[in-house]
Chemist: 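There's a structure below that I have some questions on.
Along the sequence shown, the residues carry numbers beginning at 1.
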Amino acid sequence: MGDINLLVINPGSTSTKIAIYENGKELYRKNLTHSAETIAQYPKIVDQVPFRKAEVEKFLDEIAYNMTKLTAIACRGGSLPPIHMGAYEVNDEMIDVLTYRPSGQHASSLAAMIGYEMAKNLGIKAYIYDGNTADEMDDLPRISGCPLVDKLSMGHFLNTKAVGRMYAESIGKKYEELTLIMVHTGGGISIGLHKNGVIVDVCTDEDGTMSPERSGGLPSIGMAKLCFSGKYTFDEVSAMVRGKGGLTAYLGTNDVREVEKRIADGDEYAELVYNAMIYKLAKCIGGLATAVDGEIDGIVVTGGIAHSKMFIEKLEKRVKFIHPLAVIPGEYEMEALAAGITRVLNGEETARIYKEDEKLR
C-alpha cells in the first residue's frame with residue numbers, strides 16, 4: 001500500500017486524545033481536557049458524541065489538516081460484549097451495540113462512534129484495535145462462583161500489550177515467550193496475566209482492586225442489600241462502582257497527586273485509604289502470580305499513577321518477593337493504535353468484521 005495517514009481518537013473520562021500519524025510518524029497530538037462540570041451535563045456516554053466530535057473537528061481545523069489525505073481512522077475499542085484481540089472494522093452493528101446495548105458506560109466507546117461518522121463522510125474505514133473487552137482468558141478463571149454471573153475479561157489491553165512488548169525488548173526477549181503481570185494504573189486499575197503473548201487471566205475493576213474512580217470487588221451480600229434497598233437506581237449503583245468509587249468516594253478526588261499532598265500535610269485518613277488501594281492491588285498481583293505457580297518473568301507497572309514515587313515504593317515493598325517491579329510510566333495507546341491499524345493496512349494483519357453474536361471459541 002502507498003502512504004498510510006491515520007487519525008487516531010482515544011477518549012477518556014475527562015479527556016480526548018487525538019493524533020495524526022503519517023507513515024508511522026506522529027505529526028500532531030493534542031490532549032483535549034473536559035471539565036467534570038461539562039461531562040456531568042450528559043447522563044449517558046452516548047450523549048457526549050456531538051460535543052466530543054465537535055472538539056475533534058475543532059482541533060483538526062486549528063491545524064488546518066487536509067482530511068482527504070486520511071487513509072483510515074484508528075479508534076480505541078469501547079464497551080462491547082467480549083471480542084477477539086486485534087483489529088475490527090467499525091460498522092453499523094458495532095455502533096448499534098455501543099449505543100443501545102453497551103456492556104458498560106465507558107468513554108472509550110465514543111471513539112468508534114465519532115470515528116465512524118467521520119470515516120463515512122470521508123469514504124474511508126474506521127477500526128478499533130485490542131479493545132477493552134477483548135477476551136483471551138483460559139477456561140479456569142471464567143468460573144465466577146455463580147453460574148448466573150460470568151467473569152468478564154476487561155482491562156487496558158491496548159496499553160498493556162504495547163508496554164509488555166517494550167519491556168520484553170528491554171530485557172532482550174520476545175513478548176511471546178514471557179509470563180508477565182501487567183498493571184495499568186489510571187482512573188481505573190486493571191491487572192492482566194500475560195502468558196506467551198496471551199492474556200490468560202485478569203483482575204478487572206469489578207473483581208480486582210479499588211482505584212481513583214472505581215470500587216473494585218465488593219462484599220457480595222452487602223452489595224445485594226444496597227441494590228435492593230430501594231434507595232438507588234441501577235445507574236446510581238453503577239456509578240458507585242465505576243466512576244464515583246474508590247478514592248473519589250472516600251476522599252472526594254480522583255487525583256492521586258492531591259491525595260499524596262494531603263498525606264504529606266498529615267491527613268491520616270487520606271493515608272489509610274491510599275494505602276488500602278495499594279494493599280488491594282498487591283493482593284491482586286499475588287493472586288495472579290499463584291495462577292502460574294509463581295513463575296513470573298516480570299511485574300510491569302504502567303499508566304499515569306506509575307509516575308508517583310510514593311505509589312511505586314509502597315507497591316514494590318509488598319510484591320518484590322514475587323519479582324522486582326519494572327516501571328514504564330504513562331500510556332502508549334496512541335502509538336499502539338497507529339501501529340496496529342498500519343499493520344492491517346499493510347496486509348500484515350486482517351481486521352475482523354464485527355458481529356454482535358460472534359463466537360469467540
Side-chain angles (χ1 to χ4, degrees), residues 11-15 33-45 48 79 102-109 132 149 152 154-156 183-191 202-285 287 301 303-308 310-311 314-315 318:
S13 56
T14 58
S15 68
T33 57
H34 318 301
S35 70
E37 292 77 17
T38 299
I39 297 301
Q41 297 176 39
Y42 303 96
K44 294 184 178 180
I45 291 295
Q48 297 180 34
S79 298
S103 61
Q105 291 292 315
H106 195 282
S108 57
S109 298
N132 303 340
V149 182
L152 298 177
M154 294 186 296
H156 300 83
V183 182
H184 179 97
T185 62
I189 295 176
S190 63
I191 311 103
V202 295
C203 284
T204 73
D205 59 12
E206 291 190 344
D207 61 3
T209 183
M210 64 183 278
S211 72
E213 296 178 354
R214 297 170 194 176
S215 67
L218 294 170
S220 54
I221 297 300
M223 193 62 183
K225 287 180 178 179
L226 185 71
C227 291
F228 284 91
S229 68
K231 297 179 180 179
Y232 307 102
T233 66
F234 173 80
D235 288 341
E236 287 170 335
V237 172
S238 296
M240 292 179 195
V241 173
R242 183 183 295 167
K244 298 179 181 178
L247 298 185
T248 300
Y250 284 97
L251 302 175
T253 181
N254 63 358
D255 191 334
V256 168
R257 294 166 298 183
E258 180 180 334
V259 175
E260 291 181 353
K261 183 178 184 302
R262 292 187 198 178
I263 293 170
D265 291 340
D267 188 332
E268 294 181 358
Y269 183 65
E271 185 171 17
L272 174 65
V273 173
Y274 183 81
N275 285 341
M277 181 177 75
I278 295 169
Y279 171 76
K280 291 173 181 291
L281 171 55
K283 290 204 298 182
C284 289
I285 291 171
V301 185
I305 308 176
H307 287 287
S308 165
M310 179 186 293
F311 177 85
K314 286 176 176 286
L315 180 61
R318 291 190 177 277

Chemist: Side-chain contact, heavy-atom cut-off 4.5 Å: Val183 with Ile191?
Modeler: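 Of all side-chain heavy-atom pairs linking Ile191 with Val183, at least one is under 4.5 Å.
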Chemist: Looking at Leu272, is its backbone amide N or carbonyl O close enough to the side chain of Asn275 to form a donor-acceptor pair, meaning the two atoms are under 3.5 Å apart?
Modeler: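 No: the side chain of Asn275 does not pair with the backbone of Leu272.
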Chemist: Quick one: CE on Met154 to NE2 on His106, what's the gap to the nearest 0.5 Å?
Modeler: 9.5 Å
Chemist: Measuring from atom NZ of Lys280 to atom CD1 of Ile189, what distance do you get when rounded to the nearest 0.5 angstrom?
Modeler: 12.0 Å
Chemist: Please check if the number of heavy atoms outside Glu268 that lie under 6.0 Å from its CD is greater than 12.
Modeler: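 Not buried by this count: 12 neighbours or fewer within 6.0 Å.
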Chemist: Which heavy atom of Gly12 sits nearest to which heavy atom of Ala107, and what is that distance?
Modeler: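 Result for this residue pair: O-CB, 3.2 Å.
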Chemist: Out of Ser190, Ser108, Ser79, Ser103, which one pairs with Asn132 under the side chain to side chain donor-acceptor pair (under 3.5 Å) rule?
Modeler: Ser108
Chemist: Would you mind reporting whether Leu315 and Ile285 have side-chain heavy atoms less than 4.5 Å apart?
Modeler: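 A side-chain contact under 4.5 Å exists here.
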Chemist: Of Arg262, Lys261, Glu260, which is the lone residue that meets side-chain contact (heavy atoms from CB on, under 4.5 Å) with Glu258?
Modeler: Arg262
Chemist: Side chain of Tyr274, backbone of Phe311: donor and acceptor closer than 3.5 Å?
Modeler: yes
Chemist: Taking Gly216's backbone N and O only, do any of them form a donor-acceptor pair with Thr209's side chain (distance below 3.5 Å, no angle check)?
Modeler: no
Chemist: Are Arg318 and Lys283 packed together at the side-chain level, in the sense that at least one heavy-atom pair is separated by less than 4.5 angstrom?
Modeler: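 A side-chain contact is absent here, since even the closest heavy-atom pair is not under 4.5 Å.
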Chemist: Starting at SG of Cys284, measure out to CE of Met210 and round the result to the nearest 0.5 Å.
Modeler: 12.0 Å
Chemist: Hey, could you give me the CD/NE2 distance between Gln41 and His34, rounded to the nearest 0.5 Å?
Modeler: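 These two atoms lie 12.5 Å from each other.
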Chemist: Name the orientation class of the two ring planes belonging to His184 and His156 (parallel below 30°, tilted from 30 to 60°, perpendicular beyond 60°).
Modeler: parallel
Chemist: What I'd like to find out is whether the side chain of Met277 reaches to under 4.5 Å of the side chain of Pro212, using heavy atoms alone.
Modeler: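 With C-beta onward as the side chain, the pair touches.
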Chemist: Which heavy atom of Cys203 sits nearest to which heavy atom of Gly208, and what is that distance?
Modeler: CB-CA, 4.2 Å
Chemist: So Leu247 and Val256, do their side chains get closer than 4.5 Å, heavy atoms only?
Modeler: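 Counting from C-beta outward, Val256 and Leu247 do come under 4.5 Å.
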Chemist: Answer yes or no: does atom OH of Tyr42 have more than 12 heavy-atom neighbours from other residues, nucleotides or ligands under 6.0 Å?
Modeler: yes
Chemist: Roughly how far apart are Ile45 CD1 and Ile39 CD1, rounded to 0.5 Å?
Modeler: 7.5 Å
Chemist: Please test Asp235 against Ser238 for side-chain hydrogen bond (donor to acceptor under 3.5 Å, both in side chains), starting from the C-alpha separation and ending with a verdict.
Modeler: CA-CA 5 Å; Asp235 288 341; Ser238 296; 5.2 Å; no
Chemist: Drop me the distance from Ile221's CD1 to Leu226's CG, to the nearest 0.5 angstrom.
Modeler: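 Output value for this atom pair is 13.0 Å.
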